[in-house]
Amino acid sequence: MKFRCEREILAEALATAGRAATGRTGTLPVLSGLRLELSGDLLTVTGTDLDLTIQLDVTVGGERDGGVVLPARLSSDIVRSLPAGKVELDVADDDVRISGGRSQFSVRPLSLDDYPRLAAPASSAVTINAAAFGEALRQVVRAASTDEARPILTGVLLAAENDGLRLVATDSYRLAVRDLPGVSVLGADQKVLVPGRALNELQRVLGLGEELVLRLGERDATFEIGATRLTTRLIEGEFPNYRQLIPASHPNTLTVDREPLLEAIRRVKILARDATPVRLQISADALKLTAITQDVGNAVEELDATATGTDLTVAFNPDYLASGVEAVGAEQVTLSTIDPLKPAVVRGVGSDDYLYLLMPVRVP
Amino acid sequence: MRLVIARCSVDYAGRLTAHLPEATRLIMVKHDGCVAIHADGGAYKPLNWMNAPNTLADRGDHWVVTNPKGETLTITLHEVMSDSAHEFGEDPGLQKDGVEAHLQELLAASPQAIEDGLTLVRREYPTAIGPIDLVCRDTGGQVVAIEVKRRGEIDGVEQLTRYIDRLHLDSSLGQVRGVFVAQVVKPQARVLAEARGYRVVEVDYDELRGMRPDELRLF
């Protein structure tokens with residue numbers, strides 16, 4: 001295998017696929033590598049940890065077809081460090097020569113025969129708008145858990161809902177729900193649980209194209225954007241019954257400008273150390289944020305706001321609250337509450353397709 | 001226990017010589033004869049000391065402490081500010097970390113706090129090199145060896161590795177999986193555990209023992 005390619009293009013391809021390669025290889029050390037396959041002028045770069053696979057096609061100046069597995073981190077570092085311009089990669093016997101400008105590296109490849117054969121993606125495909133799906137992911141994936149002890153919660157539920165698609169994620173402290181009306185991806189009542197980690201990676205490549213092609217298999221899902229394919233294993237298991245968590249009504253509603261609220265949370269959070277919550281004192285025409293860390297100090301900030309219902313003090317984890325407010329794509333947000341110990345709902349004013357449910361923190 | 005606070009200087013003669021210039025210090029003479037000279041700082045290590053057995057000769061303005069090897073510690077007392085003696089009685093000794101033992105007990109009662117679907121096979125599972133904190137089976141029937149620590153450090157991961165190696169000698173158990181559980185896991189221990197394919201779980205002691213967590217959950 002031998003080809004030439006612009007440094008930037010190859011470096012980007014190796015870095016993107018490299019995010020799926022793993023340092024934790026266990027019994028399969030070859031998974032720390034990237035497979036490069038050249039056919040004519042088409043170079044296919046693949047990285048996988050068997051749960052997540054990222055594969056992309058790059059057009060190069062091909063000279064000799066073939067395949068090789070390169071150490072992911074090392075090859076990416078080498079290519080990125082070369083001078084700008086053409087990079088040549090030449091595989092000969094037990095050696096891969098990577099050269100650019102007057103620099104030359106020689107790297108021992110990993111075993112091509114050991115690299116796992118990856119299943120072909122499902123043939124049935126659905127095309128959706130990449131920007132809209134990306135925005136939905138931005139709003140929802142943040143609520144997925146990263147605690148592998150509860151694998152179900154590390155996933156984002158994609159479910160057919162009315163005439164559209166619903167995305168749901170929860171880490172048991174908060175819940176994010178986003179509807180994409182008119183987006184028909186799944187069959188009636190069909191639902192799949194996609195790992196949040198894969199969707200985080202997907203968000204990074206979604207800007208590469210306008211259309212996203214989704215192929216759903218029995219055990220995996222493949223997302224294609226431009227020349228990049230991301231395949232993820234689906235999580236098996238029953239997602240919690242989230243509908244019952246959303247209160248039917250809230251007697252108290254606070255309306256406040258989103259940006260000033262975010263700024264205030266960021267400031268007050270400086271004094272919210274060691275999981276100290278931020279208290280929100282809600283009255284008819286003002287919102288007061290307070291953070292008190294014993295032996296350190298306190299922070300207070302007042303904001304203009306309007307509220308209906310009774311005056312109330314409720315406390316939240318500041319990061320979770322800021323995350324929900326930030327996710328809302330509107331200029332004003334509403335915070336609907338029942339009492340200081342029941343879940344509150346953050347929504348954007350005038351946008352009903354997104355909901356962020358947040359559990360308060362108990363304070364004395 | 002005799003506690004003397006004095007402006008003193010100290011000279012040690014033995015394998016080498018050492019001199020502590022005149023300053024105010026605390027001199028502890030313990031019931032067993034150990035003598036320790038402390039400055040007003042540092043957590044535990046004395047500036048100078050002499051272990052028992054030894055003999056202490058009180059010569060008014062100076063003490064000479066001599067051990068069987070002939071080493072001497074001469075404490076010259078320039079001014080004594082306080083001199084008191086206290087009867088401590090029998091010391092019960094250091095007890096095993098109660099939290100760690102209780103944590104193990106609580107997790108044995110609720111292994112699902114470690115991982116959904118775990119069922120306990122045995123607490124303190126015996127092996128030739130000592131008991132494993134918990135041995136469970138997961139939903140797929142695989143044997144899971146669990147090491148429980150209050151603070152998860154590298155030593156704990158090594159311990160888990162040794163136990164799993166022992167369990168692997170028993171072919172009837174099949175492939176054994178490791179889980180390292182602690183209230184807080186140090187980053188280095190986490191890296192080592194994960195590199196060895198073990199799951200790392202941090203558990204909330206207060207929550208396990210039913211204390212009301214401040215952070216309420218949706219479910």
Side-chain angles (χ1 to χ4, degrees), chain A residues 22-29 32 143 145-154 168-177 235-247 274-277 314-320 339-345 356-364, chain B residues 103 107 110-118 134 136 138-140 142 144 146-148 152 157 161 164 168 174-185 187-208 210-219:
Chain A
T22 176
R24 289 184 271 157
T25 52
T27 54
L28 210 50
S32 67
S145 173
T146 52
D147 180 5
E148 293 294 333
R150 303 179 79 182
I152 299 278
L153 301 187
T154 63
V168 188
T170 179
D171 61 4
S172 82
Y173 295 106
R174 62 228 172 110
L175 168 86
V177 182
I235 298 173
E236 290 175 25
E238 193 62 29
F239 196 73
N241 181 5
Y242 68 92
R243 291 173 203 274
Q244 66 178 17
L245 303 172
I246 304 170
D274 304 328
T276 304
V314 58
F316 297 104
N317 174 319
D319 291 324
Y320 292 170
D339 66 36
L341 298 180
K342 295 226 167 62
V345 171
Y356 184 87
L357 188 73
L358 175 63
M359 210 59 198
V361 177
R362 197 195 304 268
V363 286
Chain B
L103 200 55
L107 289 168
S110 327
Q112 68 278 3
I114 301 170
E115 187 178 304
D116 283 343
L118 275 190
L134 304 173
C136 297
D138 65 15
T139 45
Q142 189 177 13
V144 184
I146 300 165
E147 181 62 28
V148 180
V157 181
T161 303
I164 290 176
H168 277 152
Q175 190 65 28
V176 178
R177 191 155 67 79
V179 179
F180 189 54
V181 181
Q183 276 183 285
V184 182
V185 179
Q188 299 92 327
R190 181 180 291 274
V191 169
L192 182 65
E194 289 178 348
R196 290 181 181 175
Y198 306 150
R199 271 200 51 227
V200 175
V201 179
E202 287 187 348
V203 289
D204 187 327
Y205 177 54
D206 288 339
E207 200 176 326
L208 279 171
M211 283 178 62
R212 286 190 328 172
D214 287 337
E215 280 193 330
L216 306 164
R217 286 175 185 253
L218 288 163
F219 52 91

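Lettering of chains follows the sequences in order, A, B, ..., and the numbering in each one begins at 1. All values derive from a computational prediction rather than experimental measurement.
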Okay, B:Arg199 and chain A: the region with an atom under 4.5 Å from a heavy atom over there is side chain
Short question: side chain of B:Glu202, backbone of B:Val185 - any donor-acceptor pair under 3.5 Å?
yes
Do the side chain of A:Tyr356 and the main chain of A:Tyr320 share a donor and acceptor less than 3.5 angstrom apart?
yes
Could you go through the side chain to side chain contact (heavy atoms under 4.5 Å, CB included) check for A:Val168 and A:Val177 one step at a time?
CA-CA 5 Å; A:Val168 188; A:Val177 182; 4.1 Å; yes
Under the 3.5 angstrom rule, does the side chain of B:Glu147 hit a backbone N or O of B:Val157 as a donor-acceptor pair?
no
Selection from A:Ile152, A:Asn241, A:Thr170, A:Leu175 maximising heavy-atom pairs under 4.5 Å formed with chain B
A:Thr170
What part of A:Ile246 gets closer than 4.5 Å to chain B, counting heavy atoms only: side chain, backbone, both or neither?
neither
